[in-house]
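Below: the structure, in structure tokens.
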Amino acid sequence: MTSFTPRVFSGIQPTNHLQLGNYLGAVKRFVEMQNDGMETIYCIVDLHAITVWQDPADLKHATRELAAAYLACGLDAEKSILFNQSQVPQHAELGWIFNCVTRLGWMNRMTQFKDKAGKNAEKASLGLYAYPSLMAADILAYHATHVPVGEDQKQHVELTRDIAAKFNHDYGVEFFPETQPIIEGAATRIMSLRDGSKKMSKSDPSDASRINLTDDADTIAKKIRKAKTDPEPLPEALDGLEGRPEARNLVNIYAALADISPEQVIAEHGGTQFGQFKPALAELAVEKLAPISEEMARLMADVAEIDRVLGKGAERAAEIAEPILAKTYDIVGFVRSR
Ligand code: ATP
Ligand code: MG
């Protein structure tokens, strides 16, 4: 098997505001991988965002705000390549080729489409259905080998591997790598504060279900105070969280924010009532998130600078993706004569 240089790629949709799950499950890991000295490419996936309706002015704002969040969380536009997807047309072009590689049967098994389209699948966009094939293109346009994501994206990264394998097999090449999902730590699936069976999401209609990175200290404290729990105190041992999804979720959030294990949280707080644990969690959340939201606000005061960073990042991204797409066209048999 051809060996590929390690390269990290991941992306987040510019829909609404970044929420705590995105930060703990994704961006915090993005920063760690950048600082481990790996080649890192982080995208704002605006083409994915429009698979459900986005008001154009809101989309522009969310794109710049997500760029500000990336920077405020510790991504560095020199060390990492930061850009928005629509500025690098190779994503959409490779996405089309992958639409012709991907089988309908594979797409029909994708749980995100079922969750997002709900009962009204007939009215969902074709783009929402094809989303995983574009995501494979996002990753493989860079021959990325590692993709840090939350648990909910595992199925999509597995599909990316299937698409790469089928392309390689159909054309008799070893051109696309077998990408590894990187899903680690206590925060790979942060749950809604209102419903322990549903993941926290930017696009959940209930704002109380999540903590946004733009929330102020009072709002954060209030949302944690009102978070759904059960009447029992925290257990004395980790296995006591079995069957208590809301309690487990708050313990996981605490662990991820404090950079400790859930076992350590239980060792420190086991036996306490939520009346005590929730204010401790709120204080920790504010301590960790307030500097990020302040820095985001500062960066958002200079939108031209954010756009400059994204433009520069897109140029660097295109330098990698262009030759990979050109080679893909050659493999597929497209005539390139200009
Ligand atoms: P949307 O509701 O618009 O889909 P989202 O909150 O699910 O928004 P995405 O842009 O789809 O955010 O995902 C960005 C990244 O954040 C992905 O790596 C995803 O796995 C991760 N992520 C999303 N929600 C959570 C969560 N609740 N816990 C941990 N990671 C999450
Ligand atoms: Mg999502």
Side-chain angles (χ1 to χ4, degrees), residues 16-29 32 111-112 114-116 118 148-155 183-293:
N16 214 345
H17 305 293
L18 211 68
Q19 44 90 2
L20 185 65
N22 306 135
Y23 172 60
L24 296 174
V27 185
K28 217 160 164 261
R29 313 298 322 285
E32 286 161 14
T111 56
Q112 178 174 287
K114 289 177 196 156
D115 292 345
K116 290 207 168 182
V149 279
E151 176 68 39
D152 62 302
Q153 292 302 316
K154 185 166 185 244
Q155 195 186 28
I183 304 169
E184 288 166 2
T188 57
R189 190 173 177 83
I190 299 294
M191 308 310 280
S192 156
L193 298 178
R194 310 301 296 159
D195 176 352
S197 68
K198 236 166 93 181
K199 89 165 186 76
M200 190 180 281
S201 285
K202 286 186 245 103
S203 59
D204 191 312
S206 157
D207 189 64
S209 71
R210 63 178 165 263
I211 292 171
N212 304 301
L213 260 60
T214 46
D215 285 344
D216 61 26
D218 286 348
T219 310
I220 293 176
K222 192 165 142 222
K223 284 179 176 174
I224 292 179
R225 194 168 64 242
K226 290 199 165 168
K228 188 179 167 202
T229 40
D230 54 45
E232 302 299 317
L234 281 181
E236 303 283 351
L238 203 62
D239 55 10
L241 289 173
E242 207 59 50
R244 300 178 62 189
E246 288 88 9
R248 178 186 295 277
N249 190 38
L250 296 186
V251 167
N252 283 344
I253 292 175
Y254 193 106
L257 283 169
D259 280 313
I260 59 177
S261 66
E263 285 86 350
Q264 282 170 288
V265 178
I266 291 297
E268 281 172 35
H269 297 274
T272 56
Q273 298 287 343
F274 283 107
Q276 268 172 284
F277 183 65
K278 282 178 167 179
L281 177 59
E283 195 183 323
L284 175 65
V286 169
E287 179 196 320
K288 298 284 178 179
L289 302 182
I292 298 175
S293 64

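The shown structure was predicted, so the numbers you read here are calculated from the model rather than taken from an experiment.
From T229, atom OG1 reaches atom CZ of F277 across 11.0 Å, with rounding to the nearest 0.5 Å. Remark: Q19 CD to L24 CG distance equals 9.0 Å, nearest 0.5 Å. Note that the CD atom of E232 and the CD atom of Q273 stand 8.5 Å from one another [nearest 0.5 Å]. Here the straight-line distance linking atom CG of D230 with atom CD of E246 works out to 7.0 Å at 0.5 Å rounding. Atom CE of M200 and atom CG of L20 lie 5.5 Å apart (nearest 0.5 Å). Residue N252 holds its CG atom at 11.0 Å from CG of L257, rounded to the nearest 0.5 Å.
Ion pairing between K222 and D215 fails under the 4.0 Å rule for side-chain N and carboxylate O. A salt bridge between D204 and R210 is absent, with no side-chain N of the basic residue lying under 4.0 Å from a carboxylate O of the acidic one. With salt bridges taken as basic N to acidic carboxylate O contacts below 4.0 Å, none links E151 and K154.
The only member of T214, L213, I292, N212 that meets side chain to side chain contact (heavy atoms under 4.5 Å, CB included) when paired with L18 is L213. Checking L289, I190, I253 one by one against I211, the side chain to side chain contact (heavy atoms under 4.5 Å, CB included) holds for a single residue, L289.
Listed here is the closest heavy atom pair of R29 and E184: NH2-OE1, 3.1 Å. Of all non-hydrogen atoms in K199 and D152, the two that sit nearest each other are CE-OD2, 3.5 Å.
Side-chain contact between K223 and D207 is present, with at least one heavy-atom pair separated by less than 4.5 Å. Using a 4.5 Å cut-off on side-chain heavy atoms (C-beta onward), P235 and R244 make contact.
In terms of modelled atom types and a separation under 3.5 Å, the side chain of S201 and the main chain of S203 share no donor-acceptor contact. The main-chain N or O of K202 is found under 3.5 Å from a side-chain atom of N16 such that the two form a donor-acceptor pair. A donor-acceptor pair under 3.5 Å is formed between the side chain of K278 and the backbone N or O of R225. Using modelled atom types, one side-chain atom of K28 and one backbone atom of A256 make a donor-acceptor pair closer than 3.5 Å.
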Enumerate, atom names and distances included, each donor-acceptor pair closer than 3.5 Å involving a side-chain atom of residues 261-269, sequence neighbours excluded.
from : atom 1 : to   : atom 2 : distance (Å)
S261 : OG     : E263 : OE1    : 3.4
S261 : OG     : Q264 : N      : 3.2
S261 : OG     : Q264 : OE1    : 3.2
Q264 : OE1    : S261 : N      : 2.9
H269 : NE2    : Y254 : OH     : 3.3

If you look only at distance, which donor and acceptor atoms sit under 3.5 Å apart when one is on a side chain in residues 279-288 and the other is two or more places apart or in another chain?
none

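Pairs passing the ring pair (Phe, Tyr, Trp, His ring centres under 6.0 Å) check and including a residue from residues 190-242, sequence neighbours excluded, do not occur. For the ring pair (Phe, Tyr, Trp, His ring centres under 6.0 Å) condition, no pair includes a residue of residues 196-231, sequence neighbours left out. Screening residues 201-244 for ring pair (Phe, Tyr, Trp, His ring centres under 6.0 Å) gives no qualifying pairs among residues at least two apart or on separate chains. Applying the ring pair (Phe, Tyr, Trp, His ring centres under 6.0 Å) rule to pairs touching residues 206-229 yields nothing, sequence neighbours excluded.
For K114, the NZ atom sits in a packed shell: over 12 heavy atoms of surrounding residues, nucleotides or ligands are nearer than 6.0 Å.
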